[in-house]
Amino acid sequence: RDVFSLVIYDHEVSTLISPQAPTDVLWLERQIRSVTSRGNTALFAGVSQGAAELRKNLERRGFVHRVLLLSDGQANVGPSSPDDLGRLGAALRREGIAVTTVGLGDGFNEDLMTALAQRSDGNHYYVAESGDLPQIFAKELGDVLDVVAQRVEIVIEFPEGVRVIRSIGREAECRDRHVSFGLNQLYGGQEKFLLVEVEVPAAKADEVRTLARARASFTDASGESRQELRAEGSVRYTRDEALVKREANLKVQTEYAANAVAEAKSQ
């Protein structure tokens, strides 16, 4: 019941295989083997055309919509910066389309491919040789089959006195004491992070206060029903520095450090 299409791009972009059930495998293989090297790399236009083919079935329920982008070079025709491709990825995420990027060899633009994958909630792979592609496709299609939630929307509300400073590592809307963001999909057993930096008011030692309330709404894997989950987080004040260090959330610290490195690299 899958629907498959294939877009090829160099300095021009064309749909080699229009959206269809991938049942005639031999015919599909002949089309793929007919592809030859021609020109430059209109990567932005290639992804845009792939998304256009997906939109033809976007409203059908029970589907996970995924663009798989392969590139062995630098984007050099049309928009070509990581920011350009990142904005495209964010726009596609809002439509429910994820882009997984596969960099082949050593010549591709890793920053660009990573930005596109991350902003659309897709995956990113590096492949040294084309012979490694089958296992990448097997992993990616396995992930698609393991989707447990789609079109995830999360809203975090903070009580009066807590000041939201910024979101880190993921695009989010920060307004007054509210932070909201979306995810294309979640796989079983997968963790996704949004870090929110806040300033909290002073309080007495041993006092416990609510720090945040979160609400997540999502469509189940079948695409049939909308569900909602709620959670609450609190903080306890202390003067015991050793206790603070002992209770530190190592996952949050690790994720924060990784994002700080990425920000420094970008600057």
Might you work through the side chain to side chain contact (heavy atoms under 4.5 Å, CB included) test for Leu133 and Leu104, ending with a clear yes or no?
CA-CA 9 Å; Leu133 279 172; Leu104 292 160; 4.0 Å; yes

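- Phe108 and Val102 are assigned to two separate hydrophobic clusters, defined by single-linkage of ILVMFWY side chains at heavy-atom distances under 4.5 Å.
- Listed by chain and number, the residues in a side-chain contact (heavy atoms from CB on, under 4.5 Å) with Arg66 are Val64, Leu68, Ala98, Thr100, Asn123, Glu140, Val144, Gln185, Tyr187 (sequence neighbours excluded).
- No side-chain donor from either of Glu263 and Gln267 sits under 3.5 Å from a side-chain acceptor of the other.
- At a threshold of 4.5 Å between non-hydrogen side-chain atoms, the residues Lys192 and Asp121 count as touching.
- Contacts of Asp111 classified as salt bridge (charged side-chain N to carboxylate O under 4.0 Å, His left out), with partners at least two apart in sequence or in another chain: Lys265.
- Scored by the salt bridge (charged side-chain N to carboxylate O under 4.0 Å, His left out) test, Arg246 finds no partners at all (sequence neighbours excluded).
- Considering all non-hydrogen atoms of both residues, Gly46 and Val13 come closest at N-CG2, 3.8 Å.
- Atom CG of Asp2 is separated from atom CZ of Phe63 by 7.0 Å, given to the nearest 0.5 angstrom.
- Of the inter-residue distances, the one linking Ser180 atom OG with Arg215 atom CZ reads 9.5 Å to the nearest 0.5 angstrom.
- In terms of heavy-atom proximity, Trp27 sits nearest to Ile17 at CZ3-CG2, 4.1 Å.
- Looking at Lys251 and Glu191, a side-chain N of the basic residue comes within less than 4.0 Å of a carboxylate O on the acidic one, giving a salt bridge.
- Distance NE2/His178 to CD/Glu173: 10.5 Å, rounded to 0.5 Å.
- Although no hydrogens or angles enter the test, the distance criterion places no donor-acceptor pair under 3.5 Å between the side chain of Asn57 and the main chain of Arg60.
- At most 12 non-hydrogen atoms from other residues, nucleotides or ligands lie less than 6.0 angstrom from OH of Tyr256.
- Checked by atom type and distance alone, the side chain of Glu157 never pairs as donor or acceptor with a backbone atom of Arg177 at under 3.5 Å.
- Under the 4.0 Å criterion applied to side-chain N and carboxylate O atoms, Arg166 and Glu197 are assigned as salt-bridge partners.
- In this structure, Asn76 contributes its side chain and Thr41 its backbone to a donor-acceptor pair below 3.5 Å.
- Leu85 and Pro79 make their closest contact through CD2-O, 3.9 Å (heavy atoms, listed as atom of the first residue, atom of the second, distance).
- Heavy atoms from other residues, nucleotides or ligands lying under 6.0 Å from CZ of Arg226 number more than 12.
- Within a 6.0 Å sphere centred on CG of Asp106, heavy atoms belonging to other residues, nucleotides or ligands number 12 at most.
- Scanning all heavy atoms of the two residues, the minimum distance from Glu171 to Arg119 falls at OE2-NH2, 2.7 Å.
- Under the 4.5 Å side-chain heavy-atom criterion for grouping Ile, Leu, Val, Met, Phe, Trp and Tyr, Val127 is not connected to Met113 through any hydrophobic cluster.
- A 4.5 Å side-chain heavy-atom check between Val164 and Ile156 finds every atom pair outside the cut-off.
- Between Leu243 and Arg236, the shortest heavy-atom contact is CD2-NH2, 3.9 Å.
- For the residue pair Ser120/Arg93, the side-chain donor-acceptor check at 3.5 Å is not satisfied.
- Once rounded to the nearest 0.5 Å, the distance linking CG of Leu6 with CG of Leu16 reads 5.0 Å.
- Open room surrounds CD on Glu241; 12 or fewer heavy atoms of other groups in view lie less than 6.0 Å from it.
- Counting heavy-atom neighbours within 6.0 Å of Glu228 CD, excluding the residue itself, gives a total above 12.
- With rounding to the nearest 0.5 Å, the separation of OG1 in Thr114 from NE2 in His124 is 4.0 Å.
- To the nearest 0.5 angstrom, Cys174 atom SG is 10.5 Å from Ile165 atom CD1.
- The main-chain N or O of Asp84 is found under 3.5 Å from a side-chain atom of Ser81 such that the two form a donor-acceptor pair.
- The local environment of CD in Glu129 is sparse, with at most 12 non-hydrogen atoms from other residues, nucleotides or ligands closer than 6.0 Å.
- Minimum interatomic distance between Asn184 and Gly96 (heavy atoms only, all atoms of both residues): OD1-CA, 2.9 Å.
- When side chains are defined from C-beta on, Asp10 does not count as touching Asn40, because their heavy atoms never get closer than 4.5 Å.
- No donor-acceptor pair under 3.5 Å is formed between the side chain of Arg94 and the backbone N or O of Gly89.
- Residues Asn109 and Leu43 are not in side-chain contact: their nearest non-hydrogen atoms beyond the backbone lie 4.5 Å or more apart.
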